[in-house]
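Quick note on labels: first sequence line is chain A, next is B, and so on, each numbered from 1. Reckoned from all heavy atoms, side chains included, excluding hydrogens, waters and symmetry mates.
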2 protein chains.
Amino acid sequence: MAQPMYHLIADDLRGQIERGDLRPGAQLPTELELREKYEASRNTIRDAIKRLIGLGLVETRPGQGTFVTQKIDPFVTTLTGDQKSGRASGGEGIAYLSEVSEQHRKPAESTPRVEIQVPSAEVALRLRISPGVQVVSRHQQRFIDDIPWSLQTTYYPMEFVTSGKAPMLLMAEDMAEGTVQYLKKAIGLEQVGYRDWITARTPDSNEQTFFRIPHDSTVFEIFRTGFDQNETPMRVTVTVFPADRNQFIVNVGNVPDPQYDLSQSEPETTEPETTEAEK
Amino acid sequence: MAQPMYHLIADDLRGQIERGDLRPGAQLPTELELREKYEASRNTIRDAIKRLIGLGLVETRPGQGTFVTQKIDPFVTTLTGDQKSGRASGGEGIAYLSEVSEQHRKPAESTPRVEIQVPSAEVALRLRISPGVQVVSRHQQRFIDDIPWSLQTTYYPMEFVTSGKAPMLLMAEDMAEGTVQYLKKAIGLEQVGYRDWITARTPDSNEQTFFRIPHDSTVFEIFRTGFDQNETPMRVTVTVFPADRNQFIVNVGNVPDPQYDLSQSEPETTEPETTEAEK
DNA sequence: GCAAATTTGTTCGTATGTATT
DNA sequence: CAATACATACGAACAAATTTG
């Protein structure tokens, strides 16, 4: 037994999925049927399926069956905003709405949840404030084509509001102009650049339920620190993206226009063929 | 039974790890011991441990036991090379060696493996060549402090060598000056910019063995397309990084010098305490 | 170098619970 | 309520890797 049986079964099923014999959304044979087909016990079949789940190829629905996962058409975010001026454009909100629309997809975002809180050590470090000091945070959920896409929280130093100069930061509503533009007008702080710190990790329980992803999947976590004229951090934005539906682009120097049209050149999508009914 | 038993067991062990009762590198009780402690069957214990493996908190070694994973100190790569000029600096090789040294860590790389091959559809698309056309590829393995860090393959159009102008591309050895500089001298093609395309996926079997990572872990895959004066792609570099030991930075506009010194502000590392003997 | 002991890996069988149709 | 399908849990046996005597 060079390879354990559940590896062989998983590999056989993986082949069927990758060759297209089993299309996205299609139902796999039930565990009982697979048990007969491969002449293995139900537990062994389940071990094989667990492997496929780990690879993100299938998902199980209690009472229904096992299904090939629908690959979500990935959304591409450009991290280097306006490369000509090298200048960070508006806030993330504005950039998000326009970038999504450009790709002919429907953006949506929740109204901000505003909180006064003590940020994590990582955020405090980037904002260059002492651990334990309070900040203003604005949190939003973002959707594309009604699919949960990202969770974003931006942290601002408390002085912005205690000084009375930027009261709108506490308003739990969208700022049409964007918070970055607002801060320039209100306080005179201009964001002259930013740094993105890109990491990957497993999702916490909140993220699991919001994105509907398994506990051992991966999310990107991007810390964006915005700097003002004095090279001082004026805000830190933490955005969490599920890795299965997000990609990123970084442009440096002179590059031609992006080609968003090269979405996954897949094996072939011959027929859309609506395979199953949604609940 | 609100929560299944193996969830509760996993959560209890997770708590011990995160509180520091079980330090990185420490061995967990054996399955038999855990079976007695939690009064569950061995299979249930194993389900709990599988969960912890999925979260990347522990690893099992057949014949030895289960151990808390050693977090590898992540290495940070800056994707925007020289932000002042907005110009892509030398080749990746040069940039890699200097960037790693700056962080006081020891870089190493294999001698390049040169091949003539038909690239994947993704690479062909980015190089703007027809599918099925051959290209020159140069492949390298990179290490930091003797740990496998990345796998990199760069693809160049075949004309570069068939024209006889850039024969060094076929030499299976390091180019001290960097291939980007060499191409400028040899063919007159200057890289005036590049675009990075950042994605995440599960590793293939090669990557699993080289990086020693499980089949359901995550790797970053970054496609870097370099453009010449004519806005034409002159090379495509594909680099694969395990997500557990790599992070990335993108600088836009004016930003202060990076602070590499803010490595994970962990719960506390009170005592190093060498827990176990290496083989 | 070999054999025994230890520990995890694989596979089976069985029973019962929970979600969906 | 019944049937179907996946989820959890137990027990058992043997295999494979590693360490120890």
Between A/S217 and A/P203, which heavy-atom pair has the shortest distance, and what is it? O-CD, 3.2 Å

Is B/E122 close to B/F223 at the side-chain level, that is, under 4.5 Å between some pair of heavy atoms? yes

How long is the line joining CD1 of B/I53 and P of C/dG9, in whole Å? 6 Å

Provide, to the nearest angstrom, the distance between the CD atom belonging to B/E31 and the P atom belonging to D/dA12. 16 Å

Are any of A/R42's side-chain N or O atoms less than 4.0 Å away from OP1 or OP2 of C/dG13? no

Check whether any side-chain N or O of B/Y6 sits under 4.0 Å from OP1 or OP2 of D/dA9, and answer yes or no. no

Quickly work out the A/Q27 CD to C/dT21 P distance and round it to whole Å. 11 Å

Contact under 4.0 Å: A/T44 side-chain N or O vs C/dT10 OP1/OP2: no

Ignoring backbone atoms, establish whether A/T30 has a side-chain N or O less than 4.0 Å from OP1 or OP2 of D/dT4. no

Side chain of B/R35, base of D/dG11: donor and acceptor closer than 3.5 Å? no

note: A/R46, atom CZ; C/dG9, atom P; distance rounded to Å ~ 19 Å

Side chain of A/S41 - closest among D/dA7, C/dG13, C/dT10: C/dG13

Taking only side-chain nitrogens and oxygens of B/R61, does any of them come within less than 4.0 Å of OP1 or OP2 of C/dT8? no

Tell me: NZ of B/K50 to P of C/dT8, nearest whole Å? 13 Å

Is there a side-chain contact between A/H7 and A/R51 in this structure, where contact means two heavy atoms from C-beta onward sitting under 4.5 Å apart? yes

B/T60 side-chain N/O to C/dG9 phosphate OP1/OP2 under 4.0 Å: yes

Distance in angstrom units between A/E59 CD and D/dC6 P, rounded: 13 Å

Between P on C/dT8 and CD on B/Q64, what's the gap in Å once rounded to a whole number? 10 Å

Whichever of A/H7 and A/N43 has the more 5' nearest nucleotide on DNA chain C, that residue is A/H7

Rounded off to whole Å, could you give me the CG-to-C1' distance for the A/D47 and D/dC6 pair? 14 Å

Does A/R224 make a cation-pi contact with A/W197, if we ask for NZ or CZ under 6.0 Å from the ring centre and within 45° of the axis? no

Looking at B/Q117 and B/S137, what are the two nearest heavy atoms and their distance? OE1-OG, 2.7 Å

On DNA chain C, does the nearest nucleotide to A/I45 precede the nearest nucleotide to B/L32 from the 5' side, or the other way round? Give the residue. B/L32

